[in-house]
Amino acid sequence: MRIRLDKFLTDMGLTTRRQAPYFIKSSGVTINGRPAVSPHEKVDPDADVIEVAGAKVVYKDKHYYMMNKPAGYVSATEDRRDPTVLDLLDEQARRYGLFPAGRLDKDSEGLLLLTNDGDWAHRIISPSKDVVKTYYIEVDGLLTDEDARAFAEGITLGDGLKCRPAVLRVLAAGERSKALVYLTEGKYHQVKRMVAARGKHVAYLKRIAIGALKLDEGLKPGAYRPLTEEEVKSVFEKPAEI
Ligand code: URA
């Protein structure tokens, strides 16, 4: 497959389409060792060696990241009122055309996937694919075995919407209970509404895994990193603990 040099460079986040002619002139872009002259030149990403300032650029048009989403940011590509998770990206990553593969509420934290691969995102979000999302929650009020049984049967939300069976694993029961929730769907405010249907209130929510992919605890809130090839696949595997 041959593509235009400016597409090659913009897919890699190195420049923008508009700035590509200047970038090619000023950054020492070479194709198989000879200086590139025009953004319209065609290159074969698998066969040609493209270098920028002497460093080989390995082509990828699909990009996959995990972020530790902090509270206060919305999981969207733009918003009129609030900062979005894309505002946390550096200039290069912003050029990849990333969007969140699934949402977390503004006040929620934890594992958020960002990609420009629509098929991959769709498979993660679609309930029919059974991808398990794992949440750590803290709840005002006592979580009980009865709550866990109700989750297993399928909670009916306040508006009558019936949820799929889900797992509620209580870690600590008390005035502020702690638990893990495993879901295969992602209705709006779903965990909060499931807990509210049991007469309790979620005070804190953090997503800690999607499929077998766990949040990298080395990522500070707001930090992000690319996924490895293995990790990209691991979201479609079951988490080890269920
Ligand atoms: N469920 C919620 O209620 N909020 C989230 O952010 C994710 C799942």
Side-chain angles (χ1 to χ4, degrees), residues 65-79 81-88 98-115 121-141 143 147-148 150-171 176-217 219-224 235 238-239 241-242:
Y65 283 85
M66 74 157 77
M67 173 184 280
N68 184 2
K69 178 195 170 298
Y73 288 78
V74 293
S75 305
T77 51
E78 50 186 32
D79 194 87
R81 241 191 4 205
D82 295 308
T84 76
V85 290
L86 296 192
D87 293 326
L88 295 162
L98 302 176
F99 55 87
R103 284 164 180 267
L104 283 172
D105 297 335
K106 183 179 162 192
D107 62 348
S108 299
E109 300 178 10
L111 178 59
L112 187 73
L113 299 174
L114 296 162
T115 187
H122 178 73
R123 282 177 69 199
I124 292 169
I125 298 162
S126 170
S128 65
K129 305 293 181 206
D130 285 334
V131 173
V132 179
K133 285 93 181 177
T134 308
Y135 300 90
Y136 168 79
I137 56 171
E138 296 186 7
V139 170
D140 292 330
L143 285 175
D147 293 325
F151 269 58
E153 276 165 22
I155 296 268
T156 302
L157 300 178
D159 59 4
L161 212 59
K162 173 106 175 150
C163 298
R164 289 176 153 200
V167 176
L168 172 73
R169 185 168 295 162
V170 181
L171 302 173
R176 183 154 174 139
S177 300
K178 300 179 172 64
L180 296 176
V181 177
Y182 301 86
L183 294 187
T184 55
E185 52 186 353
K187 299 186 201 301
Y188 182 63
H189 292 331
Q190 184 161 348
V191 174
K192 291 173 188 165
R193 290 159 75 207
M194 287 170 87
V195 171
R198 300 295 304 163
K200 289 150 211 181
H201 171 74
V202 172
Y204 177 78
L205 184 149
K206 179 178 183 178
R207 183 157 58 204
I208 57 171
I210 295 178
L213 177 66
K214 294 198 167 115
L215 174 65
D216 180 341
E217 291 291 346
L219 290 175
K220 297 206 169 69
Y224 59 94
V235 294
K238 288 256 173 295
E241 62 275 22
I242 60 166

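Just follow the structure's listing: the first ligand is 1, and inside any ligand the first atom is 1.
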Using a cut-off of 6.0 Å, state whether more than 12 heavy atoms not belonging to [X] lie near its atom [atom1].
X    : atom1 : result
Y73  : OH    : no
K220 : NZ    : no
R123 : CZ    : no

Applying a heavy-atom cut-off of 4.0 Å, say which part of L205 lies close to ligand 1: side chain, backbone, both or neither.
side chain

Just distances here: any N/O of [X] and N/O of ligand 1 closer than 3.5 Å?
X    : result
R193 : no
R103 : no
L104 : no

Okay, side chain of K69, backbone of K106: is any donor-acceptor separation there less than 3.5 Å?
yes

Look at atom 1 (N) of ligand 1 and say which protein heavy atom is nearest, naming residue and atom and giving the distance to 0.1 Å.
V191 N, 3.1 Å

Closest protein heavy atom (residue, atom, distance) for atom 5 (C) of ligand 1
D105 OD2, 3.4 Å

Any idea which atoms of ligand 1 are less than 4.0 Å away from a heavy-atom of S108?
4 (N), 5 (C), 6 (O)

Quick one, E109 and L215 - any side-chain contact, counting heavy atoms below 4.5 Å?
no

Hey, is Y135 one of the residues with a heavy atom under 4.0 angstrom from ligand 1?
yes

Tell me, please, which residues at least two apart from E153 pass side-chain hydrogen bond (donor to acceptor under 3.5 Å, both in side chains).
none

